[in-house]
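Data block below; observations after.
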Amino acid sequence: MFSWLRRTAELFGAPRSGKWPRVRREHLAKNPACIACGRTTDVEVHHVQPFHERPELELDPSNLVTLSADHCHFVFGHCLNWATSNPRVREDAAAYRRRIDEVRSTN
Ligand SMILES: [Zn+2]
Ligand SMILES: [Zn+2]
């Protein structure tokens, strides 16, 4: 329901604090890589506890993770549904990352 709207809001920061662009930029400067696949281009900043549920955490750095646009963001951040979110995004992305490293080291 209206996931495109929430998606648009997330991408463009429509309902967000005026401080969000700076917080987002600072987060990406410190955390440039997707926590799942390691990509550093075409990444987004995802709120672990979603903005619509915990608006007070919008600018809290501990609530932010970097995920590559569309793929990792959609899979790990939102469990294939923009209208939901994954409270275990950090653990799931870390497990995926470890698995990638394991497979790479044996090939
Ligand atoms: Zn990724
Ligand atoms: Zn997100």
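In listed order, ligands and their atoms are each counted from 1.
Residue side and main chain included, Cys37 places an N/O/S atom under 2.8 Å of the Zn ion (ligand 1). Among the atoms of His78, an N, O or S atom falls under 2.8 Å from the Zn ion (ligand 2).
With hydrogens and angles ignored, the 3.5 Å screen pairs no side-chain donor or acceptor of Thr84 with any backbone N or O of Asn81. Asn63 places a side-chain N or O within donor-acceptor distance of the main-chain N or O of Gln49, the cut-off being under 3.5 Å. With hydrogens and angles ignored, the 3.5 Å screen pairs a side-chain donor or acceptor of Glu58 with a backbone N or O of Ser17.
Between Thr66 and His46, the side chains place no donor N or O within less than 3.5 Å of an acceptor N or O (distance only, hydrogens not considered).
Considering just the N/O/S atoms of His46, the one nearest the Zn ion (ligand 2) carries the name ND1. Atom NE2 is the N, O or S atom of His73 at the shortest distance from the Zn ion (ligand 2).
Salt-bridge check for Glu26 with Arg22: passed, with a basic side-chain N closer than 4.0 Å to an acidic carboxylate O.
The SG atom of Cys72 and the OG atom of Ser68 meet at the Zn ion (ligand 1) at an angle of about 100°, given to 10°.
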